[in-house]
Amino acid sequence: NKPKSNHQGICCIMSSETESNSFSLGSLVTDRVDLETATVDCRKLFRVEETEAAEGATAPNQKMFKLRHNKSGILHLRPLDPLRCTDPEQQYDFLPQKIYVRSIMQEIFHEIVFPTATKKHAIIFGSPGVGKSVLTFLAALCCACYVEKPVLFLRKTKKSDERVSVFWVKPSGNSDGQVSVLFDRLVDKKTGLHLLRAKMMEHIIFKHDIERGDWSKVKQAELYMRTISDGPVHRSDDHVPGSDLVNSCGYKLPKDEAIGENIDFPLSVWTLKETIQACRHLFKAKAGEVKEIFDVCGGNIRRMESILTEHRDRGELLLSKEMLRESRLEDWRGNLRRIVQNEESLEKLKLALESTELSGDDRSIDRLRAMVAVSTRIGRYSTVQYIGSPFLLGLIRSKISLDETLSALRYAKSSGIQSLYGWHFELYGHKVFQVTHESQVKANQVGSHRSPPVCRSFDIAVHGNATGKDSVQALEGENLYWTPSTSNFANIDAAIAVDKILYCIQFTVSKSHSFNYRTFCVNFWILLPSLFRGSIQEVIVVFVVPSAKHQGFTKVFIPKSQEDLVKTRITCEDGIIAVYKKARSEKRGGDGGSDNSESDDERDDESEGDDMMEEDDVEHGTDDDMDDSFSDDDCGEEGFDEEDETGPTVEDGPHIRFQWETLDEDFDVETKAPLSFMRRSTLLFAESA
């Protein structure tokens, strides 16, 4: 695309369309200039650190560029206020008021700002709504300010409520930590980004050089400026060759750039830990609210924000169950149910369970999946796509076979992501119970015998559209396999009563797990039908691990604050030990939660020094197994309602025994029972016959 002479090439496209050098980016035919101008103070957004060169090295100290955040991990974006879109018809703006800085964002931010010498172009990609655009735009500002290389940032998405945006960012020239920005947020969506770049180069960026007849900078534009294209798919009509790329699609080996000149930056989906921490400080949301939404939406922080702010904007500081049912969350639940019920979509969902390709098409089923980078080496990431919504996995469970479930489990295990492996192991455990029950029903229909001799007869509890605590009412008798409507509800994944013993099942791929006795009582035990609860003589919590886990299950972490309450109510068996562990808020000596975020906001208004700290001090989430996590979120009241003082209380809670078992991947419904307590003895079967 380099011009062959002074009168050819992309930079002369506009000369053939208008006689004037002045123009409007919002139209291709007018000669009116309507670019806005703003100044952004980068000192409030970034910090520059110098790293000492190795001893004996001849190279000077290197600069490291970091996002500047407060102690809660929050970066306020007030300096970007002049750049926000004020047009009432454009409802969506990709620049939020503040963001939570994840550890993965800090890891790749410097590399986006200052790519290595051998890598010219950056490709930032990931699942929709994880923060790619705002991170890259901040990198563009930092690059212009501290690397002193101007950046042309172009954004064009398929959103119907967002028009095309263009930003020309250049250093102020005074070394004062500020940049000058020429921008237009209302460019017509019909304008191609390659044409938009050509207009900017001819009439703004290199205007004076072209007027003098000097095209040298145009021919070698990458030496004098940097272009970032946000939104277009690689090799689409809007893709600008030679530019950095930001999109939500899988990115394969480039075709029109030289091999080896690109560096890939996958931005992983948000983990539950990160989402709870962010929503606590950004929206003052409780852990219970966040988990309820995360269960449906997965790690899409944009969708999480839209659901939380829907009620926060009306001054409602606490989401009740009724509010959630009336919110966009329930609409999304309905959409997922319809997708699973559609047979054509179901086939795609089956492929999505264990395939790795990711499509950016809005109509693609892959929009339901999440992308995670499983490598930590900059520029050498490998990625995995998976269904990140536990609610959706639960819907799929009844639609796929045991072999398909097992195949997905093995794929998740090979990914190296413990949380993904844990979700699919739970899915596999539920599926084992489902196929066992289906086998019993089939046997009864044939009439050869009443039920398989290996496993006790049982039914599957049905709770319809009941969610959260309401679904507990479906567990109303013995030999009913009950699963909650949300994942990891009240510290358990399933429950079934056999011979007046209530077995509460927790599937885990870890050798340890947290257990909150208060949450278990308030959100589960107290809510059981009173007659059924009164018939239970013993409660056993069974931690089920894969048979490949030879180390077995060893520890249960219990909040230190509950030690006096439960020390006489818990018995550990099978080599399990109970560990009473303090929550982070107890260790800090503070209350945690929203109160801390308010004080951080106040300190941020007052100063820029004391409340800024290293990112290592912020409690960022990781991709570690969620079973290993233990925080003050596990210790607090995670439900939406307070205890009913007129009914049973935590003090009326049961005595609990902790046990563990293994679940084999080679499960055979004809010869095995799902778990040992489900085995039917020979004597019982003879009497039944």
Side-chain angles (χ1 to χ4, degrees), residues 340-341 343 346-347 349-350 353-354 393-413 423-464 471 474-485 492-507 540 542-548 659-689:
V340 174
Q341 290 170 359
E343 292 301 324
L346 181 60
E347 291 304 314
L349 280 171
K350 290 179 180 179
L353 282 173
E354 53 180 311
L393 280 176
L395 294 178
I396 298 173
R397 182 174 69 217
S398 62
K399 299 287 186 177
I400 60 178
S401 68
L402 181 63
D403 288 341
E404 290 168 333
T405 308
L406 182 57
S407 178
L409 173 64
R410 290 169 177 167
Y411 162 72
K413 182 179 180 181
W423 284 357
H424 278 271
F425 181 64
E426 178 186 343
L427 179 67
Y428 175 71
H430 294 318
K431 190 65 183 180
V432 165
F433 272 89
Q434 180 188 334
V435 297
T436 301
H437 175 256
E438 290 172 352
S439 177
Q440 293 177 351
V441 172
K442 184 177 180 180
N444 287 332
Q445 291 173 346
V446 172
S448 58
H449 52 275
R450 293 177 58 189
S451 60
V454 178
C455 182
R456 291 174 176 268
S457 297
F458 68 95
D459 290 318
I460 303 294
V462 178
H463 43 68
S471 66
L475 183 54
E476 56 185 0
E478 288 201 345
N479 300 316
L480 276 176
Y481 183 73
W482 174 87
T483 56
S485 59
I492 60 174
D493 295 324
I496 185 170
V498 177
D499 295 336
K500 298 184 179 182
I501 300 175
L502 180 61
Y503 293 91
C504 299
I505 303 169
Q506 175 66 61
F507 297 101
I540 300 178
V542 183
F543 296 93
V544 181
V545 299
S547 57
Q659 298 177 356
W660 69 273
E661 287 195 31
T662 61
L663 178 61
D664 296 331
E665 292 184 2
D666 58 345
F667 178 78
D668 182 2
V669 69
E670 298 295 334
T671 60
K672 295 182 179 180
L675 296 171
S676 63
F677 59 82
M678 293 299 296
R679 294 194 192 106
R680 179 190 293 271
S681 69
T682 306
L683 178 60
L684 283 175
F685 179 66
E687 293 175 350
S688 174

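Just so we're clear, the structure is a prediction, and the values are computed from it rather than from any experiment.
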Engineer: How many angstroms lie between atom CZ of R410 and atom OH of Y428, to the nearest 0.5 angstrom?
Structural biologist: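 One finds 8.0 Å between CZ of R410 and OH of Y428.
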Engineer: Taking atom CD of Q506 and atom CD1 of I492, what is their separation to the nearest 0.5 Å?
Structural biologist: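 Nearest 0.5 Å value for the CD-CD1 distance: 8.5 Å.
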Engineer: If I take atom SG from residue C504 and atom CD1 from residue I496, how far apart are they, to the nearest 0.5 angstrom?
Structural biologist: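 Answer for the SG-CD1 pair, C504 versus I496, is 11.0 Å.
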Engineer: What pairs with E476 under side chain to side chain donor-acceptor pair (under 3.5 Å), at least two apart in sequence or on another chain?
Structural biologist: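 Once residues adjacent in sequence are excluded, E476 has no partner under the side chain to side chain donor-acceptor pair (under 3.5 Å) criterion.
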Engineer: Any non-hydrogen side-chain atom of F433 less than 4.5 Å from a side-chain atom of L675?
Structural biologist: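 Side chain of F433 against side chain of L675, heavy atoms only: contact under 4.5 Å found.
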Engineer: Taking atom OG1 of T405 and atom CZ of F425, what is their separation to the nearest 0.5 Å?
Structural biologist: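 Separation between the atoms: 13.0 Å.
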Engineer: Short question: side chain of K431, backbone of I400 - any donor-acceptor pair under 3.5 Å?
Structural biologist: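 Answer holds: yes.
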Engineer: Closest heavy-atom contact between P546 and T662?
Structural biologist: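 Scanning both residues completely, I find the closest heavy atoms to be O-CG2, 4.3 Å.
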Engineer: Side chain of E661, backbone of S676: donor and acceptor closer than 3.5 Å?
Structural biologist: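 Answer holds: yes.
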Engineer: Measure the CD-CZ distance between Q440 and R456 for me, rounded to the nearest 0.5 Å.
Structural biologist: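 With rounding to 0.5 Å, CD (Q440) is 11.5 Å from CZ (R456).
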Engineer: A494: what forms a side chain to side chain contact (heavy atoms under 4.5 Å, CB included) with it, not counting sequence neighbours?
Structural biologist: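 Here the qualifying residues are H430, Y481, T483, I505.
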Engineer: Check side chain to side chain donor-acceptor pair (under 3.5 Å) between Y503 and all other residues, then give those that pass, not counting sequence neighbours.
Structural biologist: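 Y503 satisfies side chain to side chain donor-acceptor pair (under 3.5 Å) with no residue once adjacent residues are dropped.
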Engineer: List for me each residue that meets side chain to side chain donor-acceptor pair (under 3.5 Å) alongside E478, sequence neighbours excluded, and say none if there are none.
Structural biologist: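 Checked E478 against side chain to side chain donor-acceptor pair (under 3.5 Å); zero matches.
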Engineer: Evaluate F677 against I501 for side-chain contact (heavy atoms from CB on, under 4.5 Å), listing each step before the verdict.
Structural biologist: CA-CA 10 Å; F677 59 82; I501 300 175; over 6 Å; no
Engineer: Report yes if some heavy atom in the side chain of T436 is under 4.5 Å from a heavy atom in the side chain of F458; otherwise report no.
Structural biologist: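 Yes, their side chains come closer than 4.5 Å.
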Engineer: What residues form a salt bridge (Lys or Arg N to Asp or Glu O under 4.0 Å) with D668, not counting sequence neighbours?
Structural biologist: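 For D668, no residue satisfies salt bridge (Lys or Arg N to Asp or Glu O under 4.0 Å) once neighbours in sequence are set aside.
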Engineer: Side chain of Q659, backbone of I540: donor and acceptor closer than 3.5 Å?
Structural biologist: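 Flag not set: sc Q659 to bb I540 has no pair under 3.5 Å.
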Engineer: Nearest heavy-atom pair of V669 and S439: which atoms, and what distance?
Structural biologist: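 The pair with the smallest heavy-atom distance is CG2-CB, 3.7 Å.
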Engineer: Can you measure from CD (E665) to CG (L402) and round to the nearest 0.5 angstrom?
Structural biologist: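 Result: 11.0 Å between the selected atoms.
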Engineer: Do N479 and V498 have side-chain heavy atoms sitting under 4.5 Å apart?
Structural biologist: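 When only atoms from C-beta onward are counted, V498 and N479 do touch, with a gap below 4.5 Å.
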Engineer: Give the minimum heavy-atom separation between A497 and G477, together with the two atoms involved.
Structural biologist: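 What the structure gives for the nearest pair is CB-O, 4.3 Å.
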Engineer: Is any side-chain heavy atom of L475 less than 4.5 Å from a side-chain heavy atom of L502?
Structural biologist: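 With C-beta onward as the side chain, the pair touches.
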Engineer: I want to check something: taking the side chain as every heavy atom from C-beta on, are W423 and L427 in contact at a cut-off of under 4.5 Å?
Structural biologist: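 No. Closest side-chain heavy atoms not under 4.5 Å.
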Engineer: Please find the pair of heavy atoms, one from A474 and one from W482, that lie closest to each other, and give the distance.
Structural biologist: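 Shortest heavy-atom contact: CB-CD1, 4.1 Å.
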Engineer: Just jot down the salt bridge (Lys or Arg N to Asp or Glu O under 4.0 Å) partners of D459, sequence neighbours excluded, or say none.
Structural biologist: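 With neighbours one apart ignored, the set is empty.
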